[in-house]
Amino acid sequence: MDKNFDAAAAEPRIYAKWDQEGRFAAGANASRDESYCIVIPPPNVTGSLHMGHALNNTLQDILIRWKRMQGYDVLWQPGTDHAGIATQMVVERELMETQQPGRREMGREKFVDRVWEQKEKSEGTILGQLKRLGCSCDWSRNEFTMSDGLSAAVLKVFVDLYNKGLIYRGKRLVNWDPKFETAISDLEVEPKEVDGFMWHFKYPLAGGETYEYVEKDEDGTVTLRETRDYISIATTRPETMLGDGAVAVHPSDERYAPIVGKLCEIPVGPKEHRRLIPIITDDYPDPDFGSGAVKITGAHDFNDYGVAKRGGIPCYRLMAMDASMRADGAAYAEEAAKAQKIVEGQSFTEEEIDAINLVPEAYRGLDRYAARARVIADITAEGLAVMVPADHPEVAWMKGQAPEWKENGRAAFPPVAESEDAEATGPATLPMVESKKIMQPHGDRSGVVIEPMLTDQWFVDAETLAQRAIEDVRAGKTKFVPENWEKTYYNWMENIEPWCISRQLWWGHQVPVWYGPDIDSDDPTGFSKEQRAFCASSEAEASQAAAAFYSKHLGYEVQVHIQCDADELIEIQREKGVSRDRFGIRGVASFDGKVSMIRLNRDPDVLDTWFSSALWPFSTLGWPEKTPELDRYYKTDVLITGFDIIFFWVARMMMQGIEFMGEVPFDDVYINSIVVDQKGQKMSKSKGNVIDPLHLIDDFGADALRYALASQEVQGRRTLRMGPEVTQGGQRFGTKLWNAARLAQMREAHTVPPSKTPPAASLTVNKWIIGETARAAAQVTEALEKYRFNEASSALYDHIWKVFCDWYVEFSKPYLEGADGPEKDETRACMAWALDQCLVLLHPIMPFITEELWGTLAPRDKPLIHADWPDLNAAALADADADREIGWVIRLIDGIRSVRAEMNVPAGAQIELVLTGHSVEVAHRMLRNSQLIQRLARLSECAVAEHAPEGSVTIALDDCAANLPLKGVIDVAQEKARLQKTLGKSEKEIKGLQGKLSNQGFLAKAPEEVIEEQRDRLAIAEAEAARLSQALERLAGLA
RNA sequence: GGGCGCGUAGCUCAGUGGGAGAGCACUACGUUGACAUCGUAGGGGUCGCUGGUUCAAUCCCAGCCGCGCCCACCA
């Protein structure tokens, strides 16, 4: 054997062998009927794995390997996620960087093909990384969220939920990402605090009306009274004024009571076409904030949307999908007139309102921030900005202090020309502009400012699905570890909003809905442009459903064509001799006055990537087919994941699992830490502090990284710091074990085939190590059962390094190096067994090095990956006498070593030990172990005597004094000082214990065993102190 | 605003109602036939502050100070 384990060479070799031999396959090594299943959190096919994945998968592999060794029927289900928006973004960025045609130029089909290439590439990388890490997934079952099977599951779930009314389409205000031009869910929005401003503008009352505006302080004293012909509005987004549908005040706000119900004018746009909007009441406005009056722009603000819905206020969409001001529709004058009719009470349909473009010509096509600047400038120029004295403390926009206008809108001060007068004298008043920190929503992928946008989207009725998902966690059917995450889960689930699942992207599961023309209710034989939806799990089914529907309505057969464009439809008509003139844009073609063909178009949207991830625990097991795997492994045993996707993923798996499988998807949800760098900083590409797990594996080996991760994974801790230093610790641990095995091999410990059960032992050291091993096995098992990865790691570290290597290996040497005979044979067998147990117990955490040693040390029936996890009776195997005796020997050796170092006794010098003040039993104990003690404490002789030899250094134990005759070597003063110091500590302890034991309250109320323990400790301390005093007395004579 | 978590040795962090721990770093000595990726020994902490509960508090409770995260959010 080499001195070191060559991880780089051995790990891939070992992994390949396991894989080839089918050691990872579901059910491999199963010896019992119970199953154990984990589904991997599928990594995104956007690139490669980071440290968080390394941690997450290490923890899963530890549990999987452990359970497999315990004989469970184990499945670790692997796979990857198509990660809709993220992957599409990666590909689009790459196209841009390599100056290739963009998505739109390529067209949907070609682009999607290109994303599949990305998927193949990334998946290969990811699986390779998982294998380097040692993950023992059943690769034959590898899945992908967009595979045929999983896509079928997605379709079925969508259709079922649709039919149950739990999925619906509607025009709602959603978070719109103007960069990707898609809706995103609330969870994909990151609010960020940015510097913003709040402008105050006057909305003049219609017809020049006036009212008494009165402000009062808390006591009701009037602080301001003036006649106003306007209502003051504060806003951070002036450009949305164009779409205002009302001004709202709180019903209790007396200041505005006189004008509630009246109309006011939006102070922007062509003067001759100013729009009038009503002043309404709603509970939403806070009278103490701003002016207390809020402009209501239902189509561009979530709070306003709520007010608008409650008050029947129209929501006017102002922006195009890229968040530029709309440039479609009719002339502004015409559109504004339509809006005015709504105010006057004329009713319009949602579609009609959506078609109204209230952006004046001057602003059309501008970016939203450019429009903002123009609106502010125009209002200010017109004198409708609220003006305040130039020294007003809240005014940011003072001469020379105004931040520069920036296109990204972070500081939105437009250039405003000052009047000549102002230049001469300086303005006495300035527009009221408050500088303000505002929370602005950003797309988590795109980074751009999200625009609330009224669009047609698909939603899941999450509230309904959440009910049982909440109940089942309350009932303990799924447990979060650590438990406090349940609170987070409830908090979100109980306030859940409808889940927007449609995305205007190309990469993903296309919504399985086809639209045909709707029946026109006014004309039973005609069709309207409105879309009638057919939801079905295939084109054929949709087509069939549509044919049935239209045939029933018309009373005769019609043909349905899917997604052919108008030209195609015309061609079909010509072939069939259909007259051309009756073909309309509504998607119907007719012949001889009868509708003969109908065109269906599939909804172009795709589903949120989490829609398919939510099915992962059962879709990967074959659902909707009734597969044996589904039956066997669902529900799964544990999900291991990060807290950041509890909402995104865990909650949704709970909902879908319960809905479609009738049962929660997992017993436990273990929330692992977030990996940060060694300074505690979150790893990110922009900070440049990302550590690639592969680099650490290259430098230290996968085992080292795995050990480092496991040993740092503390239940309930949020972050885990990882870096080369910690990983190196793992490597050292491996080397230590490696060399212990090397010694065992040199000493021929494995000459007899090692047994699974502990060998019969007669020697104390062997009895002792058997007990210690059983104890360690129990600790590791218990720690793993409780998901205490750090405890399992440290139990192994202590046992292997501190107990096995530091003491047992040393204790065993005299026997292993001694004459052949029963003692040598026994010790060999015990060492082989104890070492084997170390390998078995460490295998889940450090699979490679342990497997290598397992194979190197002895021929085996099975590789270590399939070895049996020990089930030792720790209590029965513990030998109290052996423990006591070895404990004593260790204390004695420690004491001697300590004194030798303090007295500067040369390491090579052999000195004598004389025991005094002992009982016969203690003397025998020493003599029995004198060989070990001499060797480890580097002694020439172990003797017993009546009195300590003159000039001895004394080590006080409770049942004896160990004297080292060092006459001529020791410095009497130094030794006195040492004894004094030790005695001081002893006395301090005695004092404390005596105090406690004389406290009546303590004696009356403390448990008996605690009192007993304190008494024992006192006795020991007193015995030690007595021996120390004696030693000091002897020295007193000398000095 | 609501919720969660943290503050223990120089650093990173375990831990416990009854004797303060580990790794790394540091100091001294050392190459003794497994291991210098090592060994032996050692220094180093009023366990954030204040109060309460208790026979007993680093641990439980309350408040405060400092730090971090999540959710929501006033136009």
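The structure displayed is predicted, hence computed values, not measured ones.
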task = Look at all strands and tell whether A:Met746 reaches a base, only sugar-phosphate, or nothing, counting heavy atoms closer than 4.0 Å.
result = sugar-phosphate
query = So, is A:Trp492 close to the B:rG2 phosphate, meaning a side-chain N or O under 4.0 Å from OP1 or OP2?
reply = no
query = Which part of the nucleic acid, if any, lies within reach of A:Gly701 when heavy atoms closer than 4.0 Å are counted: base, sugar-phosphate only, or nothing?
reply = nothing
ask   = When you look at CD of A:Glu725, are more than 12 heavy atoms from neighbouring residues, nucleotides or ligands closer to it than 6.0 Å?
value = no
request  = Name the nucleic acid region contacted by A:Arg747, choosing base, sugar-phosphate or nothing; use a 4.0 angstrom heavy-atom cut-off, strictly under.
outcome  = sugar-phosphate
Nearest-Å distance for atom pair CD1/C1', residues A:Ile890 and B:rU40 = 15 Å
message = How many whole angstroms separate atom CG of A:Leu737 from atom P of B:rC38?
response = 14 Å
task = Would you indicate what A:Gln1014 reaches in the nucleic acid, counting non-hydrogen atoms under 4.0 angstrom: base, sugar-phosphate, or nothing?
result = sugar-phosphate
message = Heavy atoms only, 4.0 Å cut-off, all strands: where does A:Ala1006 land among base, sugar-phosphate and nothing?
response = base
ask   = Once you round it to whole Å, what is the distance between C1' of B:rC38 and CZ of A:Phe5?
value = 20 Å
ask   = Choosing from B:rG15, B:rC69, B:rG39, which nucleotide comes nearest the side chain of A:Trp801?
value = B:rG39
inquiry  = So A:Asp894, base contact, sugar-phosphate only, or nothing? Heavy-atom distance under 4.0 Å.
reply    = sugar-phosphate
query = Does B:rC60 have a Watson-Crick or wobble partner in any strand here, with both distances under 3.5 angstrom, and which is it?
reply = B:rG52
ask   = If the C1' atom of B:rG30 is compared with that of B:rC69, how far apart are they to the nearest Å?
value = 48 Å
message = Applying a 4.0 Å non-hydrogen cut-off, can you work out what A:Lys192 is touching in the nucleic acid: base, sugar-phosphate, or nothing?
response = nothing
inquiry  = Classify A:Pro1007 by what it touches in the nucleic acid, base, sugar-phosphate, or nothing, heavy-atom distance under 4.0 Å.
reply    = base
message = Given B:rG39, B:rG43, B:rG18, identify the nucleotide with an atom nearest to the side chain of A:Lys981.
response = B:rG43
message = Quick check: do A:Val386 and A:Lys202 have side-chain heavy atoms less than 4.5 Å from each other?
response = yes
task = Using atom CG of A:Asn904 as one end and atom P of B:rC29 as the other, report the distance to the nearest whole Å.
result = 9 Å
query = In the structure shown, which nucleotide is the Watson-Crick or G-U wobble counterpart of B:rC47, with both distances under 3.5 Å?
reply = none
remark   = Residue pair A:Val809/A:Gly729 against RNA chain B: nearer the 5' end by closest nucleotide is A:Gly729
ask   = Considering heavy-atom distances to RNA chain B, does A:Arg935 or A:Arg717 have its closest nucleotide positioned more toward the 5' end?
value = A:Arg717
ask   = When you compare B:rC26 with B:rG10, how far apart are their C1' atoms, in angstrom units rounded to a whole number?
value = 8 Å
request  = If the plane angle is over 60° it's perpendicular, under 30° parallel, otherwise tilted; pick one for A:Trp485 and A:Phe643.
outcome  = parallel
query = What nucleic acid atoms does A:Tyr284 come within less than 4.0 Å of, heavy atoms only: base, sugar-phosphate, or nothing?
reply = base
query = Between the base of B:rC4 and the side chain of A:Lys487, is there any donor-acceptor pair under 3.5 Å?
reply = no
query = Across the strands shown, which category fits A:Gln910 at heavy-atom distances under 4.0 angstrom: base, sugar-phosphate, nothing?
reply = nothing
message = If you go through the side-chain atoms of A:Glu902, does one of them form a donor-acceptor pair with the base of B:rA28 closer than 3.5 Å?
response = no
key: side-chain N/O A:Arg718 vs B:rC69 OP1/OP2, d < 4.0 Å   = no
message = Of the options B:rA34, B:rA41, B:rA75, whose atoms approach the side-chain atoms of A:Ala901 most closely?
response = B:rA41
message = B:rC24, OP1 or OP2 - any side-chain N/O from A:Arg732 closer than 4.0 Å?
response = yes
inquiry  = Check this for me: A:Lys991, atom NZ, are more than 12 non-hydrogen atoms of other residues, nucleotides or ligands nearer than 6.0 Å?
reply    = no
query = Should B:rC6 form a Watson-Crick or G-U wobble pair with both distances under 3.5 Å, which nucleotide is its partner?
reply = B:rG66
ask   = Counting just side-chain N and O atoms, does A:Arg721 come under 4.0 Å of either OP1 or OP2 of B:rC13?
value = yes
ask   = When all nucleic acid strands are considered with a 4.0 Å heavy-atom cut-off, which category describes A:Ser898: base, sugar-phosphate, or nothing?
value = sugar-phosphate
request  = Look at all strands and tell whether A:Asn999 reaches a base, only sugar-phosphate, or nothing, counting heavy atoms closer than 4.0 Å.
outcome  = sugar-phosphate
inquiry  = Suppose we define a pair by two distances each less than 3.5 Å, Watson-Crick or G-U wobble; what does B:rC35 pair with here?
reply    = none
inquiry  = I need the A:Thr240 OG1 to A:Glu451 CD distance, nearest 0.5 Å.
reply    = 8.5 Å
key: Base-pairing assignment for B:rA20 (Watson-Crick or G-U wobble, both under 3.5 Å)   = none
ask   = Would you say B:rG39 has OP1 or OP2 under 4.0 Å from some side-chain N or O of A:Lys802?
value = no
ask   = Could you give the CD-to-P distance, from A:Glu989 to B:rG18, as a whole number of Å?
value = 15 Å
query = Thinking salt bridges, do A:Glu989 and A:Arg1017 make one under a 4.0 Å N-O criterion?
reply = yes
task = Return the value, rounded to whole Å, for the distance between atom CG of A:Leu993 and atom C1' of B:rC55.
result = 15 Å
Rounded distance in Å between the C1' positions of B:rU54 and B:rG17 = 9 Å
request  = For B:rG42 versus B:rA22, give the span between their P atoms, rounded off to a whole number of Å.
outcome  = 11 Å
inquiry  = Any strand counts, and the cut-off is 3.5 Å on both contacts for Watson-Crick or G-U wobble. Which nucleotide pairs with B:rU40?
reply    = B:rA28
query = Minimum heavy-atom separation for A:Leu709 to A:Met722, with atom names?
reply = CD2-CE, 3.7 Å
request  = Compare every heavy atom of A:Ala293 with every heavy atom of A:Ile233, then report the nearest pair and how far apart it is.
outcome  = CD1-CB, 3.8 Å
remark   = Checking B:rG18, B:rA14, B:rC71 against the side chain of A:Asn790 (C-beta onward), the nearest is B:rA14
task = Select base, sugar-phosphate, or nothing to describe what A:Arg1017 touches, counting heavy atoms under 4.0 Å on all strands.
result = base
ask   = When rounded to the nearest Å, what value does the distance between P atoms of B:rG48 and B:rG43 take?
value = 23 Å
inquiry  = Can you tell me how the ring of A:Phe5 sits relative to the ring of A:Trp738, calling it parallel under 30°, perpendicular over 60° and tilted otherwise?
reply    = tilted
query = How close or far is atom P of B:rC70 from atom CD1 of A:Ile674, stated in whole angstroms?
reply = 10 Å
query = If you measure from the C1' atom in B:rC67 to the same atom in B:rA28, how many Å do you get, rounded?
reply = 38 Å
task = Tell me whether the OP1 or OP2 atom of B:rU32 has a side-chain N or O from A:Lys813 closer than 4.0 Å.
result = no
request  = May I have the distance from A:Leu1018 (atom CG) to B:rG18 (atom P), rounded to whole angstrom?
outcome  = 19 Å
